[in-house]
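In what follows, a structure is listed as structure tokens, so that the remarks can point back to it.
Note that ligands are numbered from 1 as they come in the structure, with each ligand's atoms numbered from 1 the same way.
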Amino acid sequence: MSTPVVLIPGDGIGPEVTVAMKEVLAAAGADVTWVESLAGLPAVERFGDPLPNETLDQVRRYRVALKGPCTTPIGKGFRSINVKMRQDLDLYASVRPVATLPGVNVPYDNVDLVVVRENTEGLYSGQEHIVVPGIVESLRIVTRTACERIVRYAFELARRQGRESVTFCHKADVMPLSDGLFLSVAREVADEYPFVRFGEIHVDRLCMALAQDPSRYDVLVMENLFGDVLSDLCAGLVGGLGLVPGANIGVRYAVFEAVHGTAPDIAGKGVANPIALILSAALMLEHIGQLKIATKVQHAVRETLRNRVGLTRDLGGEGNTATITKAIVSNLG
Ligand code: NAI
């Protein structure tokens with residue numbers, strides 16, 4: 001029986017890359033039935049709400065979703081849809097595999113790491129208030145429960161994928177209570193996995209080390225804000241935001257999405273790179289057990305990049321969303 005998957009195109013370049021992703025998955029023979037739902041600007045137009053309950057209920061019903069990016073207007077008291085969705089559905093683990101791809105011109109040729117980011121608290125808890133005019137507080141929430149489950153997730157991922165090390169990234173010298181708690185929990189969990197090497201590093205030091213030699217790192221685990229920043233940094237190591245897929249995983253639900261945002265500077269021009277969403281769809285296919293189709297899609301993406309036919313401008317090509325999609329479909333074999 002075909003697996004129902006909630007599909008949220010989002011806004012900006014979201015609908016454009018969604019069309020491309022659907023074309024590739026259909027050609028690859030993915031056995032999914034899309035249940036289209038709205039979030040972002042189209043949902044504001046239709047329901048007056050960027051993340052309507054109808055959409056959250058569809059994800060609760062079908063358990064798996066693939067989502068395009070959604071705009072968060074800055075400084076308008078509008079809470080990020082992405083943060084709200086991750087918190088409401090308790091999608092506690094953001095998982096972003098970052099690996100060197102063939103044919104992409106970058107200074108490194110041996111990146112193969114996974115960024116595992118705590119997705120529900122930290123500075124993204126949404127608890128900000130004005131103390132007095134001119135003074136604002138943002139609360140950085142850290143709980144033992146959330147620290148433990150994200151670090152355990154990282155170690156379990158390392159074990160499943162046969163990875164050698166887990167590195168915990170923090171700033172416990174400046175935030176001894178919050179990151180201090182996270183660090184002590186990370187050490188406790190690490191003791192349960194003696195066969196996986198455990199490392200600790202300050203976040204600023206990690207940024208420099210990644211720029212110098214990203215091949216030293218395997219699984220990286222960290223709190224929410226550091227993870228948001230480092231995900232984009234790591235995307236840059238392998239060729240940019242158009243290439244890196246992601247998953248938001250909870251105990252009950254999983255929502256797959258590219259690392260990139262709505263790219264307002266290129267939205268509507270038909271030039272967005274759909275690979276990040278296509279690779280996110282491949283992660284979704286793995287999650288629902290369609291492993292062969294997932295591998296076929298990943299292989300076709302790598303072949304397309306290797307041949308450098310039809311590539312979009314972010315990859316140094318002269319093509320557009322349609323030409324790269326056509327090339328990927330033709331490489332499905
Ligand atoms: P962005 O990721 O949208 O864009 C950053 C740069 O990367 C832009 O120059 C853009 O053209 C380029 N880019 C991104 N994806 C690309 C693709 N697939 N192909 C080619 N080029 C691509 O980040 P930005 O500008 O910080 O955010 C724009 C909006 O997106 C904001 O409202 C933000 O809140 C939202 N956003 C949403 C996310 C989500 O829904 N998961 C994640 C990140 C940002």
With sequence neighbours excluded, tell me which residues meet side-chain contact (heavy atoms from CB on, under 4.5 Å) with Leu123.
-> Ser138, Arg140, Leu225
Under 4.0 Å, heavy atoms only, figure out whether ligand 1 is touched by the backbone of Asp265, its side chain, both or neither.
-> side chain
Which of the atoms in ligand 1, numbered in the order shown and given with their element, are less than 4.0 Å from a heavy-atom of Gly242?
-> 17 (C), 18 (N)
Are any of the N or O atoms of Ala263 closer than 3.5 Å to those of ligand 1?
-> yes
Close approach, Arg313 and ligand 1, non-hydrogen under 4.0 angstrom | no
Hey, which of Ile8, Leu51, Leu41 is the one that makes side chain to side chain contact (heavy atoms under 4.5 Å, CB included) with Ile81?
-> Leu51
Is Asp90 paired with Arg149 through a side-chain N to carboxylate O contact shorter than 4.0 Å?
-> yes
Checking heavy-atom distances from atom 41 (N) of ligand 1 to each of Glu16, Glu257, Lys269, the winner is Glu257
What are the atoms of ligand 1, with element, lying closer than 4.0 Å to any heavy atom of Asn82?
-> 37 (C), 38 (C), 39 (C), 40 (O), 41 (N)
Validation row: Asp228, Tyr124 side chains within 4.5 angstrom (heavy atoms) = yes
For the pair Phe168 and Phe182, name the ring-plane relationship: parallel under 30°, tilted 30 to 60°, perpendicular over 60°.
-> tilted
Atoms in ligand 1 with a heavy atom of Pro264 nearer than 4.0 Å | 28 (C)
Option nearest atom 16 (C) of ligand 1 (shortest heavy-atom distance, choices Asp314, Ile13, Thr321) | Ile13
Numbering as shown, the atoms of ligand 1 that approach Ile266 to under 4.0 Å (heavy-atom distance) | 11 (O), 20 (C), 21 (N)
Quick one: which of Pro274, Gly261, Pro69 has a heavy atom closest to atom 1 (P) of ligand 1?
-> Gly261
Is any side-chain N of the basic residue among Glu148 and Arg152 closer than 4.0 Å to the acidic one's carboxylate O?
-> yes
Please confirm whether Thr71 comes within less than 3.5 Å of ligand 1 when only nitrogen or oxygen atoms on both sides are compared.
-> no
Any heavy atom of Cys70 sitting closer than 4.0 Å to ligand 1?
-> yes
Is the shortest side-chain N to carboxylate O distance from Glu257 to Arg86 below 4.0 Å?
-> yes
Charged N-O contact under 4.0 Å between Lys22 and Glu36 | yes
